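Since the structure is predicted, the reported quantities are computational estimates derived from the model, not experimental observations.
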Amino acid sequence: MSNPEAVPVRPASTVVLLRDGVSELEVLMVRRNRKLAFAGGFWVFPGGAVDDGDREQGAGDEDAAARYAAAREALDEAGVAADPDAMVLIRHWTTPVGEAKRFATWIFAGEIAPDATVTIDGSEIHEHQWIGVTRALHTHAAGELPMLPPTFITLRALNRYS
């Protein structure tokens, strides 16, 4: 029997891109390709693993590397330029022991212009939507917006802001 604590924890980063909506705060959510082994078909915020280039840009600072990773992933997955220096750390999530894949994920928030054009990559990401935070939570509760616990909990926390 293998030791579940032996699963390596990979650093990762995501950014919750925010804009003012007509009636509430809106977030950009992207849907992962259903064929992906990890979180296939789930709605997420743009993000991914921290890579060597992010670490190099961060000059050894773990927080800075995570910011660069979040900005890079927003550009790669959604075609949106996010300013890593303007991002605000809103939470940190580590996948629980016992999962097959584990990540230590920095979750940042970043404001984006209301007219920003989103261009998904068509490979890892197949759909996108700007959605109000309350609407996203209600749609998830109805079983129509599958998401992982960190996404759900982040939306719940954002739901208190207008």
N-O pairing of R55 and D51 below 4.0 Å = no
F45 versus V27: any side-chain heavy-atom pair under 4.5 Å?
-> yes
Could you give the distance from CZ (F108) to CD1 (I90), rounded to the nearest 0.5 Å?
-> 9.5 Å
Does L155 share a hydrophobic cluster with V44, counting links as ILVMFWY side-chain heavy atoms below 4.5 Å and allowing steps through other members?
-> no
Residue pair H128 / L28, side-chain heavy-atom distance below 4.5 Å | yes
So, for P150 and I107, which heavy atoms are closest and what is the spacing to 0.1 Å?
-> CB-CD1, 4.4 Å
Going only through I, L, V, M, F, W and Y residues with side-chain contacts under 4.5 Å, is there a path from V16 to V133?
-> yes
Can you name the nearest heavy-atom pair linking E73 to G47, along with the distance?
-> OE1-O, 3.3 Å
To the nearest 0.5 Å, how far apart are CD1 in I131 and NE2 in H138?
-> 11.0 Å
With no hydrogens and no angle check, do the side chains of S123 and N33 hold a donor and an acceptor under 3.5 Å apart?
-> no
Note: P46 and A78 closest approach over all heavy atoms is CG-CB, 4.5 Å
Taking everything shown except E124 itself, do over 12 heavy atoms lie less than 6.0 Å from its CD?
-> yes
W106 side chain reached by V15 side chain, heavy atoms, under 4.5 Å = no
Evaluate the side-chain proximity of E127 to M29: yes if any heavy-atom separation is below 4.5 Å, no if none is.
-> no
Do E144 and T139 have side-chain N/O donor and acceptor atoms under 3.5 Å apart?
-> no
Just say parallel, tilted or perpendicular for the rings of F152 and H140, cut-offs at 30° and 60°.
-> tilted
With a 4.5 Å heavy-atom cut-off, do W43 and T151 have their side chains touching?
-> no
Hey, any chance V9 and F103 share a hydrophobic cluster, counting ILVMFWY side chains that come within less than 4.5 Å of each other, even indirectly?
-> no
One should read off an interatomic distance between T94 OG1 and E99 CD, to the nearest 0.5 angstrom, of 12.5 Å
Roughly how far, to the nearest 0.5 Å, is the CG atom of D76 from the CD1 atom of I120?
-> 13.5 Å
Can V30 be reached from M87 by stepping across I, L, V, M, F, W or Y side chains whose heavy atoms are under 4.5 Å apart?
-> yes
Is the count of non-hydrogen atoms from other residues, nucleotides or ligands lying under 6.0 Å from D63 atom CG greater than 12?
-> yes
Take R72 and D54, measure what salt bridge (Lys or Arg N to Asp or Glu O under 4.0 Å) needs, and give me the verdict at the end.
-> CA-CA 8 Å; R72 177 182 49 74; D54 304 321; 2.7 Å; yes
Nearest 0.5 Å, what's the CG-CZ distance between L25 and R19?
-> 10.5 Å
Common cluster, I153/L17, ILVMFWY with side-chain heavy-atom separation under 4.5 Å | no
Taking all non-hydrogen atoms of both residues, which atom of I125 and which atom of E77 are closest, and how far apart?
-> CG1-CB, 3.7 Å
From L18 CG over to Y161 OH, what is the distance, rounded to the nearest 0.5 angstrom?
-> 11.0 Å
Criterion side chain to side chain contact (heavy atoms under 4.5 Å, CB included) on T154 and R91, from CA distance to verdict | CA-CA 8 Å; T154 300; R91 56 187 58 242; 3.1 Å; yes
For residues F38 and R32, report the shortest heavy-atom separation together with the two atoms involved.
-> O-NH2, 2.6 Å
Could you tell me which non-hydrogen atom of S13 sits nearest to which non-hydrogen atom of R67, and how far apart they are?
-> OG-N, 4.5 Å
